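Whatever order the structure lists them in is the order used to number ligands and atoms, beginning at 1. Here the structure is a predicted model, which means the values were calculated and not measured.
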Amino acid sequence: MLRGPQNLPERVLAVRERMAQAAARAGRNAQSVTLLAVTKAQPAEVVRAAADCGLEHFGESYLQEALEKLDALQDRALTWHFVGRIQANKTRAIAERFAWVHAVDRLKVAARLSAQRPHHAPPLNVCLEVRLADEAAKGGIAAGELPALARAVAVLPRLRLRGLMCVPPEETQRERQHAWFRELRRLFEALNAGGAALDTLSMGMSGDFEAAIEEGATMVRVGTALFGPRPP
Ligand SMILES: *Cc1c(COP(=O)(O)O)cnc(C)c1O
């Protein structure tokens, strides 16, 4: 029996349609936003069904669980993103198996990912996670420390610094959602004004991806809206 939603094709279409409408509201091309399907807690067969719906980018948060799915889906040409928090002693498998890492927030982790990225692979794409609110439990670097971290990561040889990522506080009010994403975009533009050449704003999840797109997200990380509530 297929676990996960039976109406996955319709759900994918509905999310894509909402993304396109948000892009249109902001005068943006819908093609400028990538849908990253976050499949943590979903079994490999659900990932396979999502790939059959045309999804190509998949995000995972827990390394052990992710590696099992990567193995089970080796026959598919999927692009895997590690979106979870990174323990410094677990960087090797991430460097070897993923194409993107979204939540880099320490130079130590970045340096290990660079050193451990296999030489036959293209550089590992990385985003720096910024902690916008004062939420001690969340990862991310403080905005004030971002420029120094960005400069240090940019010169690591086996990484390609692509952009910024955030997981802001959950907000039900649209205007408050916008304010967080606008802040990440401001930081992104400030780095680019300083010569950083970043092209990726990884922001927006099921509850707020439309606001994120209206504020310039180039990648939205969507789980629940595609796959339904995660099993506890
Ligand atoms: C789980 C997760 C998501 C997806 O969250 P949903 O609300 O289910 O869309 C996105 N980004 C990160 C970093 C996550 O851990």
Side-chain atoms of residues 33-41: list all donor-acceptor pairs with protein atoms under 3.5 Å, sequence neighbours left out, distances to 0.1 Å.
unit_1, atom_1, unit_2, atom_2, d
Thr39, OG1, Gly59, O, 3.4
Thr39, OG1, Glu60, OE2, 2.6

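The pair Asp71-Arg97 meets the salt-bridge criterion, with a side-chain N (NZ, NE, NH1 or NH2) lying under 4.0 Å from an Asp/Glu carboxylate O.
Listed by chain and number, Val38, Lys40, Ser61, Val83, Met165, Met205, Ser206, Arg221, Val222, Gly223, Thr224, Arg230 each place a non-hydrogen atom less than 4.0 angstrom from ligand 1.
For the 3.5 Å distance criterion, the side chains of Glu56 and Thr79 fail to qualify, holding no donor opposite an acceptor.
With sequence neighbours left out, Phe188 forms a ring-ring contact (aromatic ring centres under 6.0 Å, His included) with no residue at all.
Identified under the ring-ring contact (aromatic ring centres under 6.0 Å, His included) test for residues 48-69, with sequence neighbours left out: His57-His81, Phe58-Trp80.
Separation of the Trp100 and His102 ring centroids falls under the 6.0 Å cut-off.
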